[in-house]
Amino acid sequence: MPEDENPGLDKSSNKNYLYFTLPMALNYQRNSYTLWECANKTYKDADTTDVFNTKAVAAMDEQLLREKLLKYKVALQPNKQPVIWRTLCETIENDFMGNIQVLFSDHGYSVARIKDYIAKNKKKFPYLGGNKICNYWLYVMEQYTDIKFVDRENITVAPDTHIIQASERLGIISLEEAGQSNVQEIVANRWKEILKGTDLVPIDVHTPMWLWSRGRFKAEI
């Protein structure tokens, strides 16, 4: 998966949690593999690694932050995306003492409570607060950090383009539904219903469907 491109930090460290949080807010309309390659290069460069330090970013000059985020193209939009990055860093620094893990502990490691809090404070979590990316971010947290959610069944399938295409291919949604404006909601609810009473929760099907769609639905022989 794209997030496998990472500096191999201690799973329990705040640095690791921040590494898998901040770039996620810039993960839209771009190649995910490229994004995380850029993030890893940015983290490993001594001149740019401080963009992953929320305290440093909160105090950083606007132009300097822009230059650091653009150096390896972790940010592609020179005006909008540095603002998104700074806003998220300021939220973590000011509301959670610079430690994103406090957000989780404050809400009892409950996915439902965390999502509800973020939804009510969307402006503080630009893009990360969107339904699709929020669920995927929580899934990535579960996969690449040491966090254990008490209600992981509330991480819905993250209905991006690949998941929608795979769901239509499997007959989970119809071609007509795939073209509707609320298709993300339809996909999330459909998978929740289908997997009810099984050993799987919706987010468990994300990776195989995502890879299947990205591989143009090729079947192994």
Side-chain angles (χ1 to χ4, degrees), residues 1-6 9 11-14 16-28 32-33 35-36 39 88 91-92 95-96 99-122 124-168 170 172-173 177 182-214:
M1 293 295 288
E3 297 81 14
D4 288 338
E5 182 75 30
N6 65 76
L9 301 169
K11 279 193 169 187
S12 66
S13 70
N14 186 43
N16 189 55
Y17 275 72
L18 289 174
Y19 178 83
F20 288 108
T21 296
L22 296 171
M24 194 69 72
L26 307 186
N27 189 17
Y28 56 92
S32 295
Y33 285 96
L35 167 66
W36 289 100
L88 190 53
T91 296
I92 297 169
D95 295 0
F96 306 108
N99 189 340
I100 191 64
Q101 295 176 77
V102 174
L103 167 65
F104 304 131
S105 61
D106 279 356
H107 294 88
Y109 300 98
S110 165
V111 169
R113 289 177 58 191
I114 293 163
K115 291 199 310 187
D116 182 63
Y117 177 84
I118 291 176
K120 290 177 178 176
N121 295 274
K122 263 193 173 185
K124 290 189 174 186
F125 298 90
Y127 195 67
L128 198 66
N131 184 51
K132 178 183 70 175
I133 202 65
C134 187
N135 280 285
Y136 186 65
W137 169 58
L138 292 174
Y139 168 68
V140 167
M141 288 288 101
E142 186 184 54
Q143 298 297 309
Y144 293 91
T145 74
D146 68 341
I147 196 167
K148 302 294 181 184
F149 294 116
V150 298
D151 57 346
R152 68 183 300 269
E153 67 275 9
N154 285 314
I155 307 178
T156 68
V157 64
D160 62 9
T161 300
H162 288 300
I163 302 306
I164 291 170
Q165 290 175 347
S167 297
E168 190 271 320
L170 290 169
I172 304 301
I173 61 171
E177 288 173 324
N182 64 334
V183 62
Q184 292 185 356
E185 182 180 351
I186 294 172
V187 170
N189 288 335
R190 198 67 51 80
W191 277 108
K192 183 177 180 179
E193 286 299 316
I194 288 173
L195 296 175
K196 187 181 295 183
T198 73
D199 292 332
L200 296 174
V201 299
I203 199 61
D204 290 334
V205 303
H206 179 90
T207 297
M209 286 202 299
W210 193 88
L211 292 172
W212 186 43
S213 174
R214 195 173 186 278

Listing request: all salt bridge (Lys or Arg N to Asp or Glu O under 4.0 Å) pairs with a residue in residues 101-121, at least two apart in sequence or in separate chains.
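Salt bridge (Lys or Arg N to Asp or Glu O under 4.0 Å) check on residues 101-121 returns D116-K120.
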
Q.
Show me the pairs that pass salt bridge (Lys or Arg N to Asp or Glu O under 4.0 Å) and involve residues 190-200, at least two apart or across chains.
A.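 Passing the test, one end in residues 190-200: E177-R190, E193-K196.
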
Distance, nearest 0.5 Å, that separates [atom1] of [X] from [atom2] of [Y]:
X	Y	atom1	atom2	value
R214	M1	CZ	CE	9.5 Å
M24	F125	CE	CZ	14.5 Å
D95	N121	CG	CG	7.5 Å
I100	L128	CD1	CG	7.5 Å

Can you see which heavy atom on [X] is nearest to which on [Y], and at what distance?
X	Y	result
W191	S167	NE1-OG, 2.9 Å
Y139	T207	OH-OG1, 2.5 Å
W36	E5	O-CG, 3.3 Å
Q165	S213	OE1-OG, 3.0 Å
L35	P23	CD2-O, 3.6 Å
L88	K124	CD1-O, 4.0 Å

Inset, instruction - Check N99, I147, L9 against Y17 for a side chain to side chain contact (heavy atoms under 4.5 Å, CB included) and give me the one that passes. - result: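 Answer to the side chain to side chain contact (heavy atoms under 4.5 Å, CB included) test with Y17 among N99, I147, L9: I147.
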
Of N135, L195, I163, which meets side chain to side chain contact (heavy atoms under 4.5 Å, CB included) against V157?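 One option only clears the test, and that one is I163.
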
Any side-chain heavy atom of [X] sitting closer than 4.5 Å to one from [Y]?
X	Y	answer
I172	V187	no
I133	N27	yes
V201	D204	yes
F20	Q143	no
W137	I118	yes
E153	V111	no
P2	W210	yes
L26	Y127	no

Walk me through whether Y144 and D4 qualify under side-chain contact (heavy atoms from CB on, under 4.5 Å). CA-CA 9 Å; Y144 293 91; D4 288 338; 2.7 Å; yes

Polar side-chain atom of [X] near backbone of [Y] as donor-acceptor pair, under 3.5 Å:
X	Y	value
D151	A112	yes
N16	S13	no
S12	D146	no

Determine, stepwise, if the pair L138 / F104 fulfils side-chain contact (heavy atoms from CB on, under 4.5 Å). CA-CA 10 Å; L138 292 174; F104 304 131; 4.0 Å; yes

- Which is it for Y117 and L103 under the side-chain contact (heavy atoms from CB on, under 4.5 Å) test, yes or no, and what are the steps along the way? CA-CA 9 Å; Y117 177 84; L103 167 65; 3.7 Å; yes

- Task: Report the C-alpha distance between Q101 and T145 in whole Å, list the side-chain angles of each, state the deciding distance to 0.1 Å, and finish with yes or no for side-chain contact (heavy atoms from CB on, under 4.5 Å).
- Result: CA-CA 10 Å; Q101 295 176 77; T145 74; over 6 Å; no

